[in-house]
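Order of the sequence lines sets the chain letters (A, B, ...), proteins ahead of strands, with each chain counted from 1. The analysis underlying the following values was restricted to heavy atoms, covering all of them including side chains, and did not include hydrogens, waters or symmetry mates.
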There are 2 protein chains.
Amino acid sequence: MAVTDEAIEKIKGMIVSGALRPGDRLPKESELAADLGLSRNSLREAVRALSLIRILDVRQGDGTYVTSLDPQLLLEALSFVVDFHRDDTVLEFLAVRRILEPAATAMAATRIDEARLDTLAAQLDALGAAPSVEELVASDLEFHRGIVQSSGNSVLCSLLDGLSGPTTRARVWRGLTQEDAVSRTLHEHRAILAALRDGDAEAARSWATVHIASVEQWLRSTL
Amino acid sequence: MAVTDEAIEKIKGMIVSGALRPGDRLPKESELAADLGLSRNSLREAVRALSLIRILDVRQGDGTYVTSLDPQLLLEALSFVVDFHRDDTVLEFLAVRRILEPAATAMAATRIDEARLDTLAAQLDALGAAPSVEELVASDLEFHRGIVQSSGNSVLCSLLDGLSGPTTRARVWRGLTQEDAVSRTLHEHRAILAALRDGDAEAARSWATVHIASVEQWLRSTL
DNA sequence: AGCGCCGATACCTCCGATGTATCGGCTCAT
DNA sequence: ATGAGCCGATACATCGGAGGTATCGGCGCT
């Protein structure tokens with residue numbers, strides 16, 4: 001195994017074992033390189049790799065730190081990976097989202113608070129009746145993100161965040177080519193919000209399923 | 001933005017735009033570095049980072065290639081990320097798995113073929129009635145992986161693969177501390193297999209839910 | 001035709017030097 | 001005494017070059 005890969009494993013080990021805790025600062029490059037028995041250049045490759053997936057946070061002139069290791073932060077790297085997939089596998093990502101999103105919405109139904117509900121409602125109101133496609137998609141992302149955050153599961157939340165990226169493109173295409181997509185989306189959002197306000201988990205789940213399935217169905221018929 | 005980060009973005013761009021396709025070979029280090037306007041050292045950091053998340057595959061003495069970009073390959077990086085999480089968030093990972101696995105099992109029920117069913121059955125038979133905890137957990141992983149592969153969704157499959165890692169530890173602890181866990185697991189596996197053979201998606205889903213929920217419940221009561 | 005040697009190629013690792021951003025203490029004016 | 005601003009120490013950023021090693025493919029031998 002290459003020295004850089006060893007270094008990655010060792011740094012990972014130091015974090016997993018608890019020798020390095022979230023927020024801790026690593027020894028400076030030259031010291032750490034000496035400790036691990038490699039050159040600064042090779043160590044930098046390891047640090048850069050870990051920094052790409054948000055394990056480490058390097059700040060020039062300051063030092064290198066272990067991130068908070070929040071699931072949210074780490075799974076953020078997922079969206080980077082997902083970016084590499086285009087049309088061919090977008091259906092598979094969408095299918096996974098179709099499984100997770102309704103479940104998350106149902107979970108949110110029993111624990112969402114008034115403040116969040118009001119925020120979501122205000123958000124939908126602010127959008128108006130005839131938004132542009134871009135506005136709608138942005139609002140759509142925010143709406144679902146707000147709900148999923150109320151599921152109380154940060155892993156679930158980050159995962160859906162990552163999966164939403166590729167399907168966003170699909171939604172844009174859809175908005176551009178399907179006339180009633182806008183009004184239908186607005187209607188479905190209202191329905192989901194109403195179900196959440198009622199604390200009706202099953203209704204919320206069903207509306208979320210319908211919401212995603214309609215995108216999926218359109219996409220399937222298009223490709 | 002740092003030159004290395006720019007390089008990462010540029011390489012990513014070349015792949016996403018189609019200028020570089022899966023399996024393609026990149027220009028050699030020195031040329032690519034010159035093209036992108038940075039030093040070989042800095043370029044190497046970018047390449048190493050992309051290689052960690054399986055976007056690139058570097059082979060000493062040969063060259064650097066774009067990987068197949070299979071969802072399976074890319075999501076493999078997920079397990080690396082997941083490794084950084086310990087007890088505190090394992091419940092959240094398990095909760096997500098509890099959502100996905102039953103859905104995947106249900107999907108498999110309608111499309112699994114005879115050969116796969118026979119393989120799974122043989123696998124369960126080979127385990128015997130009183131396996132060691134390690135054997136059981138290994139068999140458990142294989143069993144579920146085999147089923148999820150039959151769901152026909154490689155993204156779903158990889159995701160569950162990644163999520164299974166952290167929960168594996170939990171299963172080991174459980175096997176060590178809970179007497180009837182072994183026999184119960186074996187029984188549940190048989191039930192899932194029977195449901196799959198019947199093509200009964202709902203029964204398969206339910207058994208899978210029960211299967212995971214029992215681990216989750218035990219874990220919740222322990223922490 | 002098949003096997004093995006060998007050189008070209010490309011990545012691997014390291015070193016040392018210079019550039020640059022950040023932080024914290026110190027100075028000076030208010 | 002207090003605050004702003006200067007400035008040096010620190011640590012990461014970037015670079016170019018040198019020597020090492022693994023791989024591939026052509027060439028010659030059997």
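In the model, S154(A) has a side-chain atom that pairs as donor or acceptor with a side-chain atom of E92(B) under 3.5 Å. H211(A) and D140(A) share a donor-acceptor pair across their side chains, judged by distance under 3.5 Å alone.
Comment: R97(A) does not engage E216(A) in a salt bridge, judged by the lack of any side-chain N to carboxylate O separation of less than 4.0 angstrom. Using a 4.0 Å cut-off between a side-chain N of Lys or Arg and a carboxylate O of Asp or Glu, R25(A) and D57(A) do not qualify as a salt bridge.
The interatomic distance linking Y65(A) (OH) with dA21(C) (C1') rounds to 13 Å, in whole Å.
Annotation: salt bridge (charged side-chain N to carboxylate O under 4.0 Å, His left out) contacts involving residues 44-55 of chain B, sequence neighbours excluded, comprise D5(A)-R48(B), R44(A)-E45(B), E45(A)-R44(B), E45(A)-R48(B), R48(A)-E45(B), E29(B)-R44(B), R54(B)-E76(B).
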Per-nt protein contacts along nucleotides 3-14 of chain C (heavy atom under 4.0 Å; B base, S backbone sugar-phosphate only, - none) come out as ------BBBSBB
